[in-house]
Amino acid sequence: MCLFTLFCMNMSAGGQNRGLLTLDFENAPLSEIIEAIKGQSDYLFINKGVDVTMSASIFAENESMERICEMLFTPVNIKYTIDGSTVIIENMPEPVEVTGTVTDADGQPVPGVAVLIKGSSAGTTTDLDGRFSLKASPANTLVFSCIGFENQEITVGNRTSLKVRLNEDSVLLESVVVIGYGVVNARDVTTAISSIKAEDIQNQAISDFRQSMVGKMPGVQVMQTSGDPEGNVMIRVRGTRSATAGNDPLYIVDGVPMENGLNNLNSNDIESMEVLKDVS
């Protein structure tokens with residue numbers, strides 16, 4: 001009876017460990033590692049064209065079969081499928097060059113769209129004409145994302161050319177503000193940005209568009225440095241505070257930093273002026 005009980009306990013313990021595998025191989029033939037897996041489990045392997053003489057490495061202690069396959073086959077670019085107690089291995093399809101264009105709902109190209117391979121950090125961005133190009137496998141899913149548009153996912157499949165149309169995300173457009181240094185939530189810059197529209201600038205007897213800011217932007221000082229009506233205008237945002245750099249503000253005109261020629265700008269060509277007044 002004692003021997004029978006001990007035999008049953010050993011069988012039970014052995015059965016419980018059949019589901020977890022322990023492997024320690026470095027630069028060993030893949031066939032050798034597979035044989036070790038078969039020796040510790042009841043899994044069968046079906047090989048669909050994989051060269052099992054290639055070298056592979058794995059260190060695992062009490063890991064499931066799913067984890068073992070991920071650790072062993074993914075680094076050597078082998079596709080695996082676990083079907084019950086059977087593991088099917090096959091070569092991954094070679095990546096191909098995938099090109100395409102991204103447009104909005106009106107058919108206009110959208111530049112700066114991030115095109116990423118789902119589950120990885122590999123990707124690219126669209127150019128000024130909305131075009132992109134990257135290498136991807138047929139099984140890969142491409143994720144298209146851009147501020148102001150809904151994300152879209154497309155599986156590559158057998159296609160090497162894609163035409164993607166993004167839909168505007170009206171909720172997102174209302175919740176963010178694009179500034180010279182990036183994108184922030186609207187609620188964070190509500191009190192940090194002052195704005196003047198075209199109707200506030202036009203039809204004024206001024207020689208410099210900056211003179212239209214006088215008394216209209218809290219925290220912004222506009223001063224005439226001389227008695228000359230066409231003299232320079234000095235702008236100070238929340239006083240003089242810089243210890244190592246100049247105190248003049250940074251002017252951005254249509255996304256381009258400007259240093260000279262500001263007094264030659266025609267105020268009738270200005271749609272709006274915004275002043276970012278603090279670190280928000």
With a 4.5 Å cut-off on side-chain heavy atoms, are [Y] and [X] touching?
{"X": "Q108", "Y": "T103", "value": "no"}
{"X": "V87", "Y": "C69", "value": "yes"}
{"X": "K135", "Y": "V96", "value": "no"}
{"X": "M65", "Y": "L20", "value": "no"}

task: Check whether the side chains of T22 and Q40 place a donor and an acceptor atom closer than 3.5 Å, and report yes or no.
output: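 Side-chain D/A pair, T22 to Q40: absent.
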
D83 and T81 side chains, donor-acceptor separation under 3.5 Å: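 Absent: no donor and acceptor within the cut-off.
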
Give a yes or no on whether the backbone of [Y] and the side-chain of [X] come within a donor-acceptor separation of less than 3.5 Å.
{"X": "D51", "Y": "T53", "result": "yes"}
{"X": "T155", "Y": "T141", "result": "no"}
{"X": "Q152", "Y": "V164", "result": "no"}
{"X": "T124", "Y": "F132", "result": "no"}
{"X": "D129", "Y": "R131", "result": "no"}

query: In terms of ring plane angle, is the pair F73 and Y80 parallel, tilted or perpendicular, where the classes change at 30° and 60°?
result: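 The arrangement is tilted - the two ring planes meet at 30° to 60°.
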
What's the spacing between [X] [atom1] and [Y] [atom2] if we round to 0.5 Å?
{"X": "Q221", "Y": "R236", "atom1": "CD", "atom2": "CZ", "answer": "9.0 Å"}
{"X": "E32", "Y": "S55", "atom1": "CD", "atom2": "OG", "answer": "10.0 Å"}
{"X": "T99", "Y": "R159", "atom1": "OG1", "atom2": "CZ", "answer": "12.0 Å"}

field: Test ring pair (Phe, Tyr, Trp, His ring centres under 6.0 Å) applied to F59 and F25, step by step
entry: CA-CA 6 Å; F59 174 77; F25 291 91; over 10 Å; no

